[in-house]
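Being a predicted model, the structure only gives us computed values, none of them experimental.
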Amino acid sequence: MRATPPARRRRTAAERKGDLRERAILDTCEALLAEKGYEAMTVGDIAQGAGITRGALYFYFGSKQEVVTALVARTVEHLWERSRATAENDDPRAAIAAAMRRTIELWNEHGLVMRTAIDLSLTVPEIGALWSHTADLFTGAITAVLERAGVPAGTEPHQASAMARALCWMIERSFYHASQESPEALQRASSACEHIWLTCAGLAARDK
């Protein structure tokens with residue numbers, strides 16, 4: 001029994017070291033996406049940038065695709081963490097403003113990763129599943145906001161669930177294209193999407 005605490009401490013230290021290496025790998029991958037693009041960067045590039053050998057990288061990830069998938073997973077987790085309060089805010093107008101503000105922050109910070117996720121979602125099943133799950137989470141949050149604003153529940157075109165799904169994918173495509181132009185274009189796209197969401201919720205007329 002006395003040997004248990006030291007063993008646990010050793011595992012914890014190893015996990016911390018592993019976490020740091022994994023973070024370095026993912027951070028390097030994100031930087032290389034900006035520098036070289038997905039197709040041009042190699043496992044060797046990622047390992048060199050992270051300060052480890054190729055063999056050490058393969059201890060964490062089996063391929064470049066796995067590294068990018070993990071990077072996408074980390075990014076969409078941050079996206080959801082910043083926006084999850086949308087579904088819980090009792091004030092629909094405040095919920096919409098907060099959701100758009102947090103989303104634009106992440107697109108400004110990690111737009112390249114988000115675009116890469118969208119580009120690869122049809123050809124890499126793991127990334128496609130991550131992106132689809134993220135869209136489902138946001139659709140659910142948008143649905144909750146619309147219902148609190150008085151939009152009837154249901155899946156018919158005029159009801160909250162169908163409207164939320166359309167809003168979710170509209171926001172994705174708008175941000176995808178605007179993020180390739182400039183922060184100003186991204187802000188304009190966000191403002192337009194926010195206005196459309198408010199309109200769908202029956203709140204836009206109260207802005208004046």
Side-chain angles (χ1 to χ4, degrees), residues 68-69 71-208:
V68 174
T69 300
L71 176 60
V72 171
R74 183 179 72 171
T75 304
V76 297
E77 182 179 354
H78 290 168
L79 176 63
W80 180 241
E81 284 175 354
R82 293 190 189 187
S83 303
R84 71 172 71 228
T86 298
E88 302 167 0
N89 195 317
D90 291 332
D91 181 350
R93 182 185 296 276
I96 293 169
M100 298 307 298
R101 182 173 63 252
R102 290 164 182 155
T103 302
I104 196 173
E105 286 171 358
L106 198 69
W107 273 88
N108 272 319
E109 294 168 13
H110 303 290
L112 182 57
V113 178
M114 310 280 271
R115 292 197 303 273
T116 300
I118 293 169
D119 291 341
L120 296 178
S121 61
L122 294 178
T123 57
V124 180
E126 294 82 2
I127 292 178
L130 277 170
W131 202 248
S132 179
H133 179 60
T134 302
D136 288 341
L137 290 174
F138 274 90
T139 297
I142 296 170
T143 299
V145 173
L146 292 175
E147 289 178 357
R148 279 200 299 278
V151 178
T155 59
E156 294 299 316
H158 65 286
Q159 295 174 331
S161 181
M163 293 171 67
R165 183 158 295 278
L167 283 167
C168 178
W169 291 112
M170 176 199 71
I171 291 168
E172 184 230 69
R173 299 312 298 176
S174 296
F175 276 51
Y176 176 94
H177 290 291
S179 68
Q180 298 178 75
E181 298 180 27
S182 65
E184 292 76 21
L186 195 56
Q187 182 59 61
R188 289 193 298 271
S190 177
S191 297
C193 290
E194 182 174 346
H195 177 74
I196 293 168
W197 189 352
L198 286 167
T199 300
C200 290
L203 300 172
R206 303 175 203 171
D207 288 340
K208 297 182 179 181

Side-chain heavy-atom pair Leu203, Trp197 within 4.5 angstrom cut-off: no
Heavy-atom pair of closest approach, residues Cys168 and Ala135: SG-O, 3.7 Å
By side chain to side chain contact (heavy atoms under 4.5 Å, CB included) - contacts of Ala166 (at least two apart): none
Spacing of Trp107 atom CH2 and Leu79 atom CG [to the nearest 0.5 Å]: 9.0 Å
Cys200 SG to His195 NE2 distance, which is reported to the nearest 0.5 Å: 9.5 Å
Contact summary for Ala201 and Ile96, nearest pair of heavy atoms: CB-CD1, 4.4 Å
Separation between OG of Ser179 and NE2 of His110, rounded to the nearest 0.5 Å: 13.0 Å
Listed pairs under 3.5 Å, donor-acceptor, residues 123-133 side chains, sequence neighbours left out:
residue	atom	partner	partner atom	Å
Thr123	OG1	Leu120	O	3.4
Trp131	NE1	Glu172	OE2	2.8

Side chain to side chain contact (heavy atoms under 4.5 Å, CB included) between Tyr176 and Asp119, worked out: CA-CA 10 Å; Tyr176 176 94; Asp119 291 341; 2.6 Å; yes
Side-chain donor or acceptor of Thr75 paired with backbone N/O of Leu71 under 3.5 Å: yes
Nearest heavy-atom neighbours spanning Pro157 and Met163: O-CG, 3.4 Å
Note, Arg173 side chain near Ile118 side chain (heavy atom, < 4.5 Å): yes
Atom pair CD (Gln187) and CD (Glu194), whose distance is rounded to the nearest 0.5 Å: 8.5 Å
Separation of Ile171 CD1 from Ile104 CD1 (nearest 0.5 Å): 11.5 Å
Rounded distance (nearest 0.5 Å) linking atom CE of Met114 with atom CD of Glu109: 10.5 Å
Closest heavy-atom pair and its distance - Ala162, Glu156: CB-O, 3.3 Å
Closest approach of His158 to Val151 (non-hydrogen atoms, all atoms of both residues): O-CG1, 4.0 Å
Ala164 versus Thr143, closest heavy-atom pair with distance: CB-OG1, 3.1 Å
